[in-house]
Amino acid sequence: MQDLTLRCGTLAWDPSKDSVAKPDRVLADFSDAKGVEGWKADPEIKLSHDGKGLRFAVAGKATYPQASKDGLQEDWQAFATVVIEVENIGPKPQSLTFRVRSNADNNQREDIGNSVGKGKASLRIPVASLKKVKLDKIDKVYLMTDGVPDEGCQLRVYKIVLEPNRDL
């Protein structure tokens, strides 16, 4: 909520409208097939674009198959939350882990696991939970599944977005 005050003929916003209107940072938008470019995957994973988003399919049992995008030069210090818009289109609930790495150093990476039931979900990951990562030097992000069942899994990822802190 904002207060609008007229002082000496000038409109004043409290808090300033710039502090409230911070834009989201779209890290990956898979609504267009071009969004899949630059993503690499383990051999067990078939990555494709199905007209709606990034299709992440594993045909059978697998332990930690992962897809990733590197070569990033991101500064996440001004953001509060990572939001992953995903849909489980497979036969069973599936765990999905979001991994972030900084400085091309595997000692500076963090895994945040989530479970995705059937249908659409928005996974919300607090940036503050990324304790091992240097937030001003993000260079790689991963999407990983854990314990894929014999039937395999199929996920569709729509977007990965960074949201700023919008507290007043």
Which value, rounded to the nearest 0.5 Å, describes the distance between [X] atom [atom1] and [Y] atom [atom2]?
X      : Y     : atom1 : atom2 : answer
Tyr142 : Lys40 : OH    : NZ    : 11.0 Å
Asp111 : Arg99 : CG    : CZ    : 4.0 Å
Met144 : Ser95 : CE    : OG    : 8.5 Å
Leu162 : Thr81 : CG    : OG1   : 9.0 Å
Ile138 : Leu27 : CD1   : CG    : 9.5 Å
Ile112 : Ile84 : CD1   : CD1   : 10.0 Å

Do you know which two heavy atoms are closest between [X] and [Y], and how far apart they sit?
X     : Y      : result
Ala57 : Gln154 : CB-CG, 4.2 Å
Phe56 : Leu143 : CE1-O, 3.7 Å
Val36 : Ser48  : CG2-O, 4.4 Å

Check the hydrophobic clustering (I, L, V, M, F, W, Y; side-chain heavy atoms under 4.5 Å; chains of links allowed) and say if [X] and [Y] are grouped together.
X      : Y      : value
Val127 : Ile160 : yes
Val157 : Leu47  : yes
Leu155 : Val58  : yes

Do [X] and [Y] make a side-chain contact, defined as non-hydrogen atoms from C-beta onward lying under 4.5 Å apart?
X      : Y      : result
Pro164 : Arg25  : no
Tyr64  : Val148 : no
Leu96  : Leu123 : yes
Tyr158 : Val86  : no

Please list all pairs meeting side chain to side chain donor-acceptor pair (under 3.5 Å) that have one or both residues in [range], counting only residues at least two apart or in different chains.
range            : result
residues 29-38   : Asp29-Ser31
residues 130-139 : Arg101-Asp139
residues 115-129 : Arg124-Glu163

N/O donor-acceptor pair under 3.5 Å between Glu74 side chain and Lys140 backbone = no
Within the distance-only criterion (no hydrogens, no angle test), does the side chain of Asp24 pair as donor or acceptor with the backbone N or O of Val161 below 3.5 angstrom?
-> no
For Asp42, which residues count as a side-chain contact (heavy atoms from CB on, under 4.5 Å) partner, sequence neighbours excluded?
-> Glu44, Gln66
Are Asn103 and Gln108 linked by a side-chain donor-acceptor pair shorter than 3.5 Å?
-> yes
Can you list every pair that meets salt bridge (charged side-chain N to carboxylate O under 4.0 Å, His left out) and has a residue in residues 75-94, with sequence neighbours left out?
-> Glu87-Arg156, Lys92-Glu151
Can you name the ring pair (Phe, Tyr, Trp, His ring centres under 6.0 Å) partners of Trp39, sequence neighbours left out?
-> Phe30
Taking atom CD of Gln77 as the centre, report whether more than 12 heavy atoms of other residues, nucleotides or ligands fall under 6.0 Å from it.
-> yes
Of Val82, Asp70, Leu72, which is the lone residue that meets side-chain contact (heavy atoms from CB on, under 4.5 Å) with Val141?
-> Leu72
